[in-house]
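Notes for the one structure printed next.
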Amino acid sequence: MDEREGPRRRRRGPRQDGGPAPVPEGARADAVRDLARRRAGERGPLLEVLHDVQDALGWIDEPDVRVLADELNLSVAEVHGVVSFYHDFRRIPPPAHTVRVCRAEACQSVGAEGVYAAAQQAVRTAGPDVELQQVFCLGNCALGPTVEADGVLHGRVEESRVQQLVAELADRPPAPGVPETLPTADQEARR
Amino acid sequence: MTIVWVPRDSSARAVGADEVAAALAQQPGVTVRRNGTRGMLWREPLVEVETPAGRVGYANVAPTDVPGLVSGGMLEGAPVGNSLGPVAEDPWLTAQHRVSCARLGLAEPTDIAAYRDAGGWAGLRRALDMDPADVVEEVVTSGLRGRGGAGFPTGIKWRTVLEAQADQKFVACNLDEGDSGTFADRILAEGDPFTLLEGMAIAAVAVGATEGYLYVRSEYPDAIATLGEAISVATAEGYLGEDVLGSGRSFTVHVRRGAGAYICGEETSMLESIEGRRGEVRAKPPIPALSGLWGWPTVVNNVLTFAAVPAILTGGGETYAAAGDGRSRGTQVFQLAGNVARGGLVEADLGTDLRELVEGFGGGTRSGRPVRAVQVGGPLGAYLPAAGLDVAAGYETLAEAGGMLGHGGIVVFDDTFDAARMARFAMEFCAAESCGKCTPCRIGSTRGAETIDRIRVGPPAEREAALVLLEDLCTTMTSGSLCAMGGLTPMPVRSALKHFPEDFAPAGGGDATGPDPRAGAAAASTTRSAP
Ligand SMILES: Cc1cc2nc3c(=O)[nH]c(=O)nc-3n(C[C@H](O)[C@H](O)[C@H](O)COP(=O)(O)O)c2cc1C
Ligand code: SF4
Ligand code: FES
């Protein structure tokens, strides 16, 4: 299992004489295991389970990968490979708020670049609680520029509007789905 | 009580439909119901009031408009505000040929009784009464070709799956819809999900599949929710599940969420993803029709392909094939996007003139400036100049014009269009979204973006060499890529060079860099200010 992970992988806790790292235990591990078991009857459920874990716990932590590998009878490398392939999966705790600005062709044709630049500036002012992501098409291409703020879609967004959206987010409590608890010191250390 | 319809489509919601619905619900005597969009997106939120004279429409309603519209007689259908009169008679709709989208926007999306009353499930009933091979032949007769991009004849694909000997077969629906400028799959899934499910069920009956998977991109949460609800309702009513309409045949459907990877729209990558793996493209052969999900024969089709099937079974393949042009039979659900005055969904016969779509239906640009370029068929499609729009929008005709139909998306640009920047973007997009399996795609695209920079802002002495190198890279990508991601990225690049060479002129042209799809949010990226 662990041997296949490659040398860059940072390890949690002491490791006994070169053997595989133990499968994590604890409340989070139990929650992850439970989410995996709920899809026990499904074919090839890994992607769905990863979505479930991220929806419930905010991100896919490295120990979660080992729990999932154990529970779903996959190698750690396999689970890790899937988590790292897809843009959606977060491997560190999410910020309180996320703004996604579409920068694909149709939105570019109506000024998405200006909207993105305005969002960059607004996010700098808003501080670390708001994260800006670029995305390529949200399926709102007739009514662009398109911005998604904490999962809510906005069309025909002008530069002033995206700044307003970012400012509103910064004033709000964390988005649903973002866990209240901060990462543990241990988690911080691994980042 | 007056029934007032407000679309729940996510594009309508993105411009305030929920707030309008809430404002209307506060008016005495009003019952608000939520339909799918009619596809006239530029008019959203488009409110429809039920009157004895039919449903009367009011376009671009804002929540604050509601009291004034109501006091002006909106609930009686009076011509106040942006009234368009009876929606069903609107020329933008009546000029279309709606077959797959015939029921779009009429009812609540998961109202299965309304679907049945509007002629739904008749195609499935007929298919269940037929020999499976005859169902397949009906689809062959219709001339239906894949609407996801490649245009492969659907009936032939189904025949391959039908004839495959296997204990298990699957139907997989591709709702990854990653192409910029396309949204018809989303609109159909959100607005009329039963048409899609009926199409999948007919495919299952035709080929002998018992399980279906719907792969939906995660960017479409509303579509995922609506499809989940529609599957539950259809299963409870016996249209799906263990015993489809008492036929003794089983067909269960599962929704699978994508996770933000453009390449997962490529069918083999999608199959990998459904199976819970990295979305890496599989080499063909074997084709999915023989070895698809978990190695079993699998029908893979786009949403719009499945959505055409119920009408083909009810009306007959020949009726469907009567529309169209050359080898492009039937209708195409076009999508007008980008800088277009009347953006939205246009279902029209294949072979409709591109200029008619852009200027007739689309009404030219939203900015009011002249059209300079149009990209047809998504990020891998060609940029055509305004002078080149007199072409029939069909598979072969667009290919002859150096482009492709793809998924039917049409993105309009005004005269601020910068071909060099868009060519560079195409390369960057490929580099970012490549699955990484082949070198021409993964590395060639990065080199391509750098080379375009050199053409544009590099030393003039190197310019000729850079142009030659870019052409070389395009040739290598076209011939040396496993799938169309790397194979077709040269299409937007070459078309930009061919039709807009002046944009690649050295110096003076300014900064050719655009969004870098690989850059994280924190990376300082160079951005051109909006025109
Ligand atoms: C890079 C790439 C992306 C694609 N994206 C999609 C997509 O989002 N939706 C889709 O239906 N087909 C997409 N396709 C085409 C599929 O590979 C496949 O041809 C299609 O799903 C087959 O269904 P059809 O015959 O009904 O079109 C894509 C192909 C490539 C190469
Ligand atoms: S062309 Fe690109 S996306 Fe397609 S298989 Fe090769 S590396 Fe993957
Ligand atoms: S291109 Fe921005 S939403 Fe489609």
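Residue numbering restarts at 1 for every chain, and letters A, B, ... go by the order of the sequence lines. FYI, side chains are in, hydrogens and waters are out, and symmetry mates aren't considered; it's all heavy atoms of this structure.
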So, the part of B/Asp222 with a heavy atom under 4.5 Å from chain A: the answer is neither

Side chain, backbone, both or neither: which part of B/Tyr213 has an atom under 4.5 Å from a heavy atom of chain A?
-> side chain

Chain A contact via B/Glu275 - which portion, at a heavy-atom distance below 4.5 Å = backbone

Which bit of B/Arg366 is near chain A, if near means a heavy-atom gap under 4.5 Å: side chain, backbone, both or neither?
-> side chain

Atom CD of B/Glu219 and atom CZ of A/Arg100: how far apart are they, to the nearest 0.5 Å?
-> 5.5 Å

Name the region of B/Gln335, side chain, backbone, both or neither, that has any atom closer than 4.5 Å to a heavy atom of chain A.
-> neither

Testing B/Val340, B/Val374, B/Val346 for side chain to side chain contact (heavy atoms under 4.5 Å, CB included) with B/Leu357, which one passes?
-> B/Val346

Please state whether the side chain, the backbone, both or neither of B/Leu293 comes within less than 4.5 Å of a heavy atom of chain A.
-> neither

One option among A/Ala104, A/Gly139, A/Ala118 has the most heavy-atom pairs under 4.5 Å with chain B, and it is A/Gly139

Are side-chain heavy atoms of A/Asp129 and A/Pro95 found at a separation under 4.5 Å?
-> no

Would you call B/Glu280 and B/Lys437 a salt bridge, using N to O less than 4.0 angstrom?
-> no

If you count heavy-atom pairs under 4.5 Å with chain A, which of B/Arg256, B/Arg13, B/Glu211, B/His254 comes out on top?
-> B/Arg256

Decide yes or no on side chain to side chain donor-acceptor pair (under 3.5 Å) for B/Tyr220 and B/Ser10, but give the supporting numbers first.
-> CA-CA 9 Å; B/Tyr220 287 177; B/Ser10 44; over 6 Å; no

For B/Arg257, is it the side chain, the backbone, both or neither that has a heavy atom under 4.5 Å from a heavy atom of chain A?
-> both

In terms of heavy-atom pairs under 4.5 Å with chain A, the winner among B/Leu336, B/Val411, B/Asp179 is B/Val411

By a 4.5 Å heavy-atom criterion (distance strictly below it), what part of B/Ser273 contacts chain A: side chain, backbone, both, or neither?
-> both

When you measure from the side chain of A/Asp150 to the backbone N and O of A/Thr98, does any donor-acceptor pair fall under 3.5 Å?
-> yes

Pick from A/His154, A/Arg124, A/Glu105: which one has the most heavy-atom pairs with chain B under 4.5 Å?
-> A/Glu105

Rounded to the nearest 0.5 Å, the CZ atom of A/Phe136 sits from the OH atom of B/Tyr262 at a distance of 12.5 Å

Among B/Ala426, B/Gly343, B/Ala337, who wins on heavy-atom pairs under 4.5 Å with chain A?
-> B/Ala337

Looking only at non-hydrogen atoms, find the nearest pair between B/Leu41 and B/Ser11 and report the distance.
-> CD2-CB, 3.9 Å

Assign the ring pair B/Tyr383 / B/Phe417 to parallel, tilted or perpendicular, where the plane angle (0 to 90°) is split at 30° and 60°.
-> tilted

What residue, out of B/Gly260, B/Ala259, B/Gly276, has the most heavy-atom pairs lying under 4.5 Å from chain A?
-> B/Ala259

Return the option, out of A/His51, A/Arg156, A/Glu148, with the maximum number of heavy-atom pairs under 4.5 Å with chain B.
-> A/His51

Hey, which of B/Gly178, B/Ser367, B/Gly258, B/Ala184 has the most heavy atom pairs under 4.5 Å with chain A?
-> B/Gly258

With chain A, the option among B/Gly279, B/Gly436, B/Pro221 that has the most non-hydrogen atom pairs under 4.5 Å is B/Gly279

Answer whether the closest heavy-atom distance between the side chains of B/Leu46 and B/Thr37 falls below 4.5 Å.
-> no

Checking B/Arg217 against chain A: side chain, backbone, both or neither under 4.5 Å from a heavy atom?
-> side chain

So, do B/Phe334 and B/Phe361 have ring centers that fall under 6.0 Å from each other?
-> no

